[in-house]
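Only one structure is covered here, and it is reproduced in the block below.
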Amino acid sequence: MDGTQRAILHGSALCTIAGESLTLLPQRAIWWESASTLLLADLHLGKAAAFRTAGIPVPENTTTHDLATLSELLDRTLARRLVILGDFFHARSGRSAHIESTLDAWRSRHGNLEILLIRGNHDHSSGDPPAHLDINCLAEGASLPPFALHHHPTTDASGYVLAGHIHPAIRLDDPGTRASIRFPCFWFGTNGAVLPAFGRFTGMKVVSPRRDDAVFVIAENEVVRIGY
Amino acid sequence: MHKALADWFGKRGWSPFEYQRECIESYRAGRSGLVHAPTGTGKTLAVWLGPIDEYLHESGNTPHNTPAKRESAAPIRVLWITPLRALATDTVESLIEPVRDLNLPWTIEQRTGDTAASLKAKQRRQLPTALVTTPESLSLMLSYPDARSLLSTLRCIIIDEWHELLSTKRGVQTELALARLRAWNPGVRTWGLSATLGNLDEARDVLLGSGPARTDAPTITAKLPKQIHIETVLPEDVQRFPWAGHLGTNLLNPVLEAIDNAQSTLLFTNTRSQTEIWYRAIALSKPEHIAQIALHHGSLDREVRNRVEDRLREGSLRCVVCTSSLDLGVDFTPVDQVIQVGSPKGIARLLQRAGRSGHQPGVTSRVLCIPAHAFELIEFAAARRAMQARTVETRSPLSKPLDVLTQHLVTVAAGGGFEARQLYEEVRTTHAFRALSITEFRWALDFTVRGGSALGAYPQYHRLARAHDAEQPGEERYTIASDKLARHHRLAIGTIISDLAMTVRSMSGKVFGSIEESFIARLASGDRFVFAGKVLELVRVKDMTAFVRLATRRSGIVPRWQGGRTPLSTLLSDGVRTLLEEARLGTYTEPELECIRPILELQSRWSVIPAPDELLIEHTSTRHGRHTFLFPFEGRHVHEGLGLLLAHRIARTRAVSLSITVNDYGIELRSPAPLDVSEDEWRSFLSTADLLPDLLSCLNHSELARRRFRDIARIAGLIHPGYPGRSGKTNRHLQASSELFFDVFAEFDPANLLLDQARREVLEDQMEVSRLRYALEKITRSRITQIPPPHLTPLGFPLWAESLRTQHVSSETWRDRIGRMVMQLERTADREQRSGRNTTSHPARKRTLHDRG
């Protein structure tokens, strides 16, 4: 694993994996410049709406905010391809008319973008995105050399695995404030990596990397490598 | 008093106490009120006989020879509310006694979370004559549309141990339920029972609200002075006694001796972890008595606790090591000795515990105090003095907790619905919401009806729905939006009481008890901890269960108690200062002070003992840095707020990195370089000007408000309760953490008043802002004495020793902070590596990065 160097995109960090140079963005996505591809996992669109339908008050705009962030990244990187590593919608009950029309508008803004979605567990229960959005829905294991695209972290002989699903976080203790704080992270292991969840209204799970794994936490608006 | 009742007293060879007579007569006159009597002086009877007396007068005392059946029994007359469901069974038993003796056609039953579903179903058709229940179960009853007709014959509501509920959200939940019951039956009388409090009349007013119940309502006090004897075990050589620490097992031998010399002992500690430590220490020293020594704390399985309580009643236990879990109610007559380990931090608490022994009228209660460190000697002496002067702490009622109001709105909506204006007026009759503005009420209503006041912010969301009634066009009626939501809500109602608790279970299925989720989250598989007197090893965590096995290695990590340590009460800290002042002037009258004299004299020699109108600031250097100690003696919470405030204000004037440590006596500020603050500057740092804005900006820098949101999110119904008994999978897609809610509200609905409430709760409960302001005002009138002592002084040392657990304030960037945390992490990892610990990686496994030092 190469050392980290400061990258052009503000707050991001660079890392080289399987011979490819990846830019880790504090917006919880990866910019793979040489392939003109933006990678992210666990969008969970409509999660807040699903909560509201069940009588739990969560303010609107988390979804529009997520799509706006995504648009901004696409505009800044001029990516030609977007890869979503699973969990596009959160739940069927969250696919409101409002969400779908917001999505339509978002898609028409990025008309030339190729979009790949690796179906995750939430996609199986909430269904594929509408066909007119022109999102290519694939099963786990799709290949984008040198990477194998998955939703669930696994090993794959065909390539270095990029996955999501876990919403990984690292818990760090602050000896100063006596508190421990969780930070979302990018977690690179020997055979595969797990991306943080992109969605703003998603939880996190504390993980325990090995000593030789590379972990980058996202604190405020900055990606910081932490040593193991 | 009715003749039959007087005869009943006569037959038992009793005559009613004056205060009991007064209660019966006040009740008969239609009044509500509050009764205050020491434990073991018949206060249950005092309030219970009123309704019986009334019935005897009304029924003309026709004798009944058969015990009452549900159908033929008198309809519901009395609701008896107890804060602990564990007390419900005992209460039913003691209420039945006179009813049985008098052959009344009354049924008496309980209804709590433990009640069988079949009995609950019967109760839904017809309630017993008297029902013993908890605040949660009462709220739950109100969430059914037929509650009003079921309770239509209610005459009296009795709230037991009201002092326990008074300053809690469960107390507010009770206030709201009472307002509802009074609105249905304006003639219903409310009687409260309370232990000693400094503000009994206020407690009564909170209970009765501003409605008609308030009229002529008395506070009736039993004039039966309870004899309490407080004695402290004095260390033989105080010079070698620790100046700090909290374990205090150095006095194990006198404790063992005292246990041997009594029939049955309750040994109280302040925290659950100390309970485990003392239980193990006693069990190891007395292996021959192991079967007669037991452990009791709130996290143990209910059945285990029941067994311990039964054996205590029988008198077959020599010693039970316990926390506040045994503070309340239950009568353990065989107990003849109470031992208090560590300072009780408040007079009321010590009195309550002392009252657990000698639980009969006229018998002296004894409590033996065991100091954990030298300064606790002073606190015990101060507690005895206060007891002799009959002063005791007050408990402040809560004001306007909107999370509880939100929950109540949904409860009432599920229970048949409400008209907005009427409910507003009803809610305002409670003490907690007497100053609720229509805007705040509207906000809470909007929050449940459409999410927030901003239109379109919460599409598709409804918990309540506006009902349209063509005949009452002027009304604004609301009901619950669906039956499904009503069912969810009922599941959630019980959650005011229970913290998120994880079941601790063996691999074979045996349940040991429950423990806070936040504690388990810090453990990794293979970590050991002491629980229920055993060393357990965590195997794995699944859903809300921690699977454990008995550890083979004997050494264990004691669970670190998460709940904040109780601060020294104002009353007790005033007492401590008075005793210190006597010592400063050379007067040593209490044995505890005489014992600690060499230490206090050392304090005078190296520095000074501060006078009541003096703020002492000591400056010392050690290899750890420069230490500045301030001694306001205002209790841990105030010092925590004050410490943050000082660091914040100091950081504005100079670039400095400060660590803050507090205890009940003072604050330590540690810095790499000397602080060099002039007296004038200290005065400006300690001024009351801009207190609130400064504190709020400290809050924004810390995680305090975010953590506080946990409770609020649960009570306000944001956390989906899930279904008991069903796999957690059903609603997993509707689970989110309170922190996530906090962040989402803060970003997308910053005007949400629940966020405000979280900040207010931190200011009021955690920093005790009014006490803090008072403390600053006192400092303004004091002189400031700055001294550079040659060594750490007896007052400074405990702060220095505790500074491993510190607050840190500086203007560091996130990058620096992370760097520092990572260093911490690496140290932990190195240690693990050295100890050969298995650190294989598994994504599903949680791992602690916490330095357990």
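We name chains A, B, ... by the order of the sequence lines, and we start the count at 1 in each one.
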Legend entry - Contact summary for Phe745(B) and Pro57(A), nearest pair of heavy atoms: CZ-O, 3.5 Å
Legend entry - Contact summary for Leu740(B) and Arg200(A), nearest pair of heavy atoms: CD1-O, 3.9 Å
Inset, instruction - Quick one: closest heavy-atom pair of Phe201(A) and Val744(B), and the distance? - result: CD1-CG2, 3.3 Å
Inset, instruction - Check whether Thr202(A) gets within reach of chain B through its side chain, its backbone, both or neither, counting any heavy atom under 4.5 Å. - result: backbone
Inset, instruction - Please flag which part of His65(A) lies under 4.5 Å from any non-hydrogen atom of chain B: side chain, backbone, both or neither. - result: side chain
Inset, instruction - Select one option (side chain, backbone, both, neither) describing which atoms of Leu485(B) are under 4.5 Å from chain A's heavy atoms. - result: side chain
Inset, instruction - Using non-hydrogen atoms and a 4.5 Å limit, figure out which bit of Ala49(A) sits close to chain B: side chain, backbone, both or neither. - result: both
Legend entry - Asn221(A) atom CG, neighbour heavy-atom count above 12 within 6.0 Å: no
Inset, instruction - Locate the shortest heavy-atom distance separating Val58(A) from Phe741(B); write the atom from each residue and the value. - result: CG2-CE2, 3.6 Å
Inset, instruction - Just jot down the side chain to side chain contact (heavy atoms under 4.5 Å, CB included) partners of Ser158(A), sequence neighbours excluded, or say none. - result: Ala148(A), Asp156(A)
